[in-house]
Amino acid sequence: MPADFDLCLVIQHAPLRGQQSKEALDIALVSATFDQATALFFQGEGLLHLRPHQTPKLIGMKGVQAMLPALALYGIEAIYCLEEDLARYQLQADQLLLTPKVLDTAQAQELLSRSRQVFISPAFH
């Protein structure tokens, strides 16, 4: 069963599609700086942020991949994804830039219900 969190950020946007995912990671880092138990839930296209070997510079953009290693430095180690999203994108959790805890739908609902605050990335426009 997932732990309780002060803040759970749900990242649903695909890489290189707006700034919402970067903003979500910024919020996570600030939250953790103030000793808030923070979780990241990469859902749907948001899971694609964790794919290795992305090169956003080739199209003149910045990705969030450079920020991901800093999460552990801020104490953010609660990283989650859905098993159905791994299957949809033909990914393996242990081959991603971060190794998320894989949840089924019921466990994901439990994670969100046990988080004091939940922010979903589209809300950051």
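Throughout, residue positions are numbered sequentially from 1 according to the sequence presented. Any value given below was found using the heavy atoms of this structure, including those in side chains, with hydrogens, waters and symmetry copies removed.
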Item to complete: Answer yes if L40 and L73 sit in the same cluster of Ile, Leu, Val, Met, Phe, Trp and Tyr residues linked by side chain heavy atoms under 4.5 Å apart, and no otherwise.
Response: yes
Worksheet item: Any link between I120 and V30 through a network of hydrophobic side chains (Ile, Leu, Val, Met, Phe, Trp, Tyr) touching at under 4.5 Å?
Response: no
Please examine the side chains of [Y] and [X], heavy atoms only from C-beta on, and report whether any two atoms are closer than 4.5 Å.
X: C81; Y: L86; answer: yes
X: D26; Y: M67; answer: yes
X: Q107; Y: D104; answer: yes
X: F5; Y: V118; answer: no

Item to complete: Pick out which of L96, D85, L50 makes a side-chain contact (heavy atoms from CB on, under 4.5 Å) with L91.
Response: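 Single pass found, and it is L96.
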Closest heavy-atom contact between [X] and [Y]?
X: H49; Y: S21; value: NE2-OG, 2.9 Å
X: R88; Y: G44; value: NH1-CA, 4.2 Å
X: V102; Y: A93; value: CG2-CB, 3.7 Å
X: A78; Y: T38; value: CB-O, 4.0 Å

To the nearest 0.5 Å, what is the distance between [atom1] on [X] and [atom2] on [Y]?
X: L29; Y: L71; atom1: CG; atom2: CG; value: 5.5 Å
X: L68; Y: L98; atom1: CG; atom2: CG; value: 5.0 Å
X: K101; Y: L111; atom1: NZ; atom2: CG; value: 9.0 Å
X: K22; Y: I27; atom1: NZ; atom2: CD1; value: 10.5 Å
X: F119; Y: L9; atom1: CZ; atom2: CG; value: 7.0 Å
X: E84; Y: Y89; atom1: CD; atom2: OH; value: 10.5 Å

Discussion item. Can you confirm whether more than 12 heavy atoms, excluding those of Y74, are under 6.0 Å from its OH atom?
Written reply: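 No, OH of Y74 has 12 or fewer neighbouring heavy atoms, counting only those of other groups under 6.0 Å.
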